[in-house]
Each structure stands twice: as C-alpha cells, then as structure tokens.
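What follows is a set of notes on a single structure, which appears directly below.
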Amino acid sequence: MSGGAAGPGCLERNDWICGEYLRTRSQELLDATVQHLGITAVSVLIGLLVAFPLALVARRWRSAAGPVLGLTTVLYTVPSLAMFALLTPVFGVSAAVVVTGLVLYSLTILVRNILAGLHAVPAEVREAARGMGYGPARMLYEVELPLALPALVAGLRIATVSTVAMTTIGSVVGYGGLGNLIASGMEGFFKAEVLTASVLCVLLALLADLLLMGLQRLLTPWTRAQTGARARVRRGARAAKAVA
C-alpha cells in the first residue's frame, strides 16, 4: 500500500502553535523583538532622566510637588491612541512619537517612587551626614540615593514592564515592535503570528523584571542582610514560644 500525500502543514491549517512559522519567519521575529527592546530601553532611560530632576524639584519646593505630581498623573490618564495622535504633528510618523509618549506615561510611576524613596530616608541619617560635613549634593548621591534604591528600582520595574506592554500600541504608527506583528496577525487572523508575538512580549516583560530584580539585589546587599536578620529573629521567637 503506497503512502498517501502529506497533509497540509501548520501554516496552511492556520494553527496557533506552528514550528514552521518560527522557522520561516525567524528574521522577522528577531527584527520586531530588537525594535521592541530598543524602544522600551530608550523610553525607560529617558523617563528616568526626566523623572529624577522632577522628583528633586518636588522635594525641594513643596509648592511644586502638587503641580508636578498632578501633571504626571494627568499625562498618564491620556489614552495612548490620543497621545500618539497629539504627538504626530510634532514628530511626524516616527519612532520619536512612540518614545515620547512612553516617556510621558512612565513619569507618574518614576517620579512618585523616587520621591517615596527619598522621603523614606530616616531624618537621623541625614543629621548624621550633615554632622560629618556632607553637603547637599554629596548627601544626595552618597547617602540618600543608596537608601532610596529599593523604592527607585521598584518603580523602575513597574515602569519597564508597563512600557514593554504599551510599546505594542506603537503599531498604529508602524513602530510597535512585536505589536506590529500582533496587529498584522489580528488583521489577517494569522493565529501563529498573533500568539508568537504575544508570547514573546510577555517573555520580554518577565525577563526585564527579573534582570531589574537581580540588579536591585546586587546594588542593595544590606536589604538581604536585614531580611536574613528578621527571619532569624522570627525563628528565635517561634522557638522560644514552643519551649514556653
């Protein structure tokens, strides 16, 4: 009995999971992923560079705190499609539209977390630094910022993950990274393209969060020591209670 002809492949069947799609569109996926990473990284970096002085201004002058926090909150409430439409006449149809929009969205998270971290520095630590002759700039960079790092990195993690997700909206102007594939896949109901690009987007967000978490642990070793000390105290308390 002769073998029959091979059935249609997963691309012809339009399967959600398709190895043939990965094999034949690998370069397209790589280009979209690189664009997605580039837009995300640039947006978060610029957002951090803008948010830091804004947070310092809000902390230095209490009268400026309300307007700064209010403005960043209002910007965050603007729908992404409207934001990109408003920015297009200024920047044209370019990646700058997407980057600028993402920077503005990141400010509300970054400014608030930087402020929270700086406000959490104990007053006695500042007084001790002043007693040792630390000026404002030296105190900020050598005392306050290191102690504010946990809150700062926490905000950076949230901003990065949200930026990875929101970069996909840039597909409306052709600069959405993996969002371009998701949009084109939805338009033609190309299941493998939609699922693959979506999964890659989720993986990028998880990877970025894990990398920033590792960076936080590397830059703040004292938090691990404090956590270990608290755990030992709790174990000691439980042991003492059991003996009693």
- Item | Qualifying salt bridge (Lys or Arg N to Asp or Glu O under 4.0 Å) pairs with a residue from residues 152-171, counting only residues at least two apart or across chains |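 Of all non-adjacent pairs touching residues 152-171, those that pass salt bridge (Lys or Arg N to Asp or Glu O under 4.0 Å) are R157-D209.
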- Message: Going by salt bridge (Lys or Arg N to Asp or Glu O under 4.0 Å), name the pairs with one or both residues in residues 40-67, residues two or more places apart or in two chains.
- Response: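 Checked against salt bridge (Lys or Arg N to Asp or Glu O under 4.0 Å) - neighbours excluded - the pairs reaching residues 40-67 are R59-E144.
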Can you see which heavy atom on [X] is nearest to which on [Y], and at what distance?
{"X": "Y175", "Y": "V98", "result": "O-CG2, 3.6 Å"}
{"X": "G179", "Y": "H36", "result": "N-ND1, 4.3 Å"}
{"X": "S184", "Y": "E193", "result": "OG-OE1, 3.1 Å"}
{"X": "V194", "Y": "I182", "result": "CG2-O, 4.0 Å"}
{"X": "A55", "Y": "I114", "result": "CB-CG2, 3.5 Å"}

- Matching residue for L102 among S80, S43, S162 - test: side chain to side chain contact (heavy atoms under 4.5 Å, CB included): S43
- Query: Distance-only, no hydrogens or angles: does the Y105 side chain make a donor-acceptor pair with backbone N or O of V78 under 3.5 Å?
  - Reply: yes
- Item | N/O donor-acceptor pair under 3.5 Å between S171 side chain and T168 backbone | yes
- Query: Out of curiosity, L147 CG to L152 CG, how far, rounded to the nearest 0.5 Å?
  - Reply: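 Between atom CG of L147 and atom CG of L152 there are 12.5 Å.
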- Do other residues, nucleotides or ligands put more than 12 heavy atoms under 6.0 Å from the CD1 atom of I17?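 Not more than 12 within 6.0 Å, no.
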- Compute whether any side-chain donor of one residue and acceptor of the other, for D31 and Q35, lie under 3.5 angstrom apart. no
Ignoring hydrogens and angles, write down the donor-acceptor pairs under 3.5 Å from the side chains of residues 68-75, residues two or more places apart or on other chains.
unit_1, atom_1, unit_2, atom_2, d
T72, OG1, V68, O, 3.2
T72, OG1, L69, O, 2.9
T73, OG1, L69, O, 2.8
T73, OG1, R112, NH2, 2.8

- Using the ring of Y21 (Phe, Tyr or Trp, six-membered ring only), decide whether R25 places NZ or CZ under 6.0 Å from its centre and within 45 degrees of its axis. no
